[in-house]
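Here is the structure we will look at.
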Amino acid sequence: MADVGGIAADRLRSFIERIERLEEEKAALGADIREVYSEAKSVGFDSKIIRQVVRLRKLDGSDRREQEELLDLYKTALGMD
């Protein structure tokens, strides 16, 4: 393993190449996700709402309830209900 300026070049190259491969996979997954949203939209679903539902499903129940309660409170305060 060649050291250049105290850095193990082969090890560094290995990390960089792994990151590059993962970035390529991430880009491909992003394209796949956009395709699914597009497909859902083409059959009549609102992709913005689907994105919100996906985001909300990532939260645990108590966090989701807290956000919904705060949203309702803010909407009420602004006369939106």
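In this chain, numbering begins with 1 at the start of the sequence shown. These values consider heavy atoms only, across backbone and side chains, with no hydrogens, waters or symmetry-generated copies.
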TODO: Using the test side-chain hydrogen bond (donor to acceptor under 3.5 Å, both in side chains), find all partners of Thr76 that sit at least two apart in sequence or belong to another chain.
DONE: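 side-chain hydrogen bond (donor to acceptor under 3.5 Å, both in side chains) list for Thr76, sorted by chain: Asp81.
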Can I get a per-line list of side-chain donor-acceptor pairs under 3.5 Å for residues 42-55, giving both atom names and the distance, sequence neighbours left out?
from	atom 1	to	atom 2	distance (Å)
Ser42	OG	Glu39	O	2.7
Asp46	OD1	Lys48	N	2.9
Asp46	OD1	Ile49	N	3.3
Arg55	NH1	Gln67	OE1	3.4

Show me, pair by pair, the donor-acceptor contacts under 3.5 angstrom made by side chains of residues 56-65, not counting sequence neighbours?
from	atom 1	to	atom 2	distance (Å)
Asp60	OD1	Ser62	N	3.2
Asp60	OD1	Ser62	OG	3.0
Asp60	OD1	Asp63	N	2.9
Arg64	NH1	Leu56	O	3.1
Arg64	NH1	Leu59	O	3.1
Arg65	NH1	Gly61	O	3.4

- [ ] List, by chain and then residue number, the residues other than Phe15 in its hydrophobic cluster (Ile/Leu/Val/Met/Phe/Trp/Tyr, side-chain heavy atoms under 4.5 Å); write none if there are no others.
- [x]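 None, because no other hydrophobic side chain comes under 4.5 Å of this residue.
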TODO: Report the hydrophobic cluster partners of Leu71, with the cluster defined as I, L, V, M, F, W, Y residues connected by side-chain heavy atoms closer than 4.5 angstrom, directly or transitively.
DONE: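 ILVMFWY cluster around Leu71 holds nothing else.
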Under 3.5 Å, which donor-acceptor pairs link side chains of residues 16-35 to any protein atom two or more places apart or in another chain?
from	atom 1	to	atom 2	distance (Å)
Glu23	OE1	Lys26	NZ	3.4
Arg34	NH1	Gly30	O	3.4

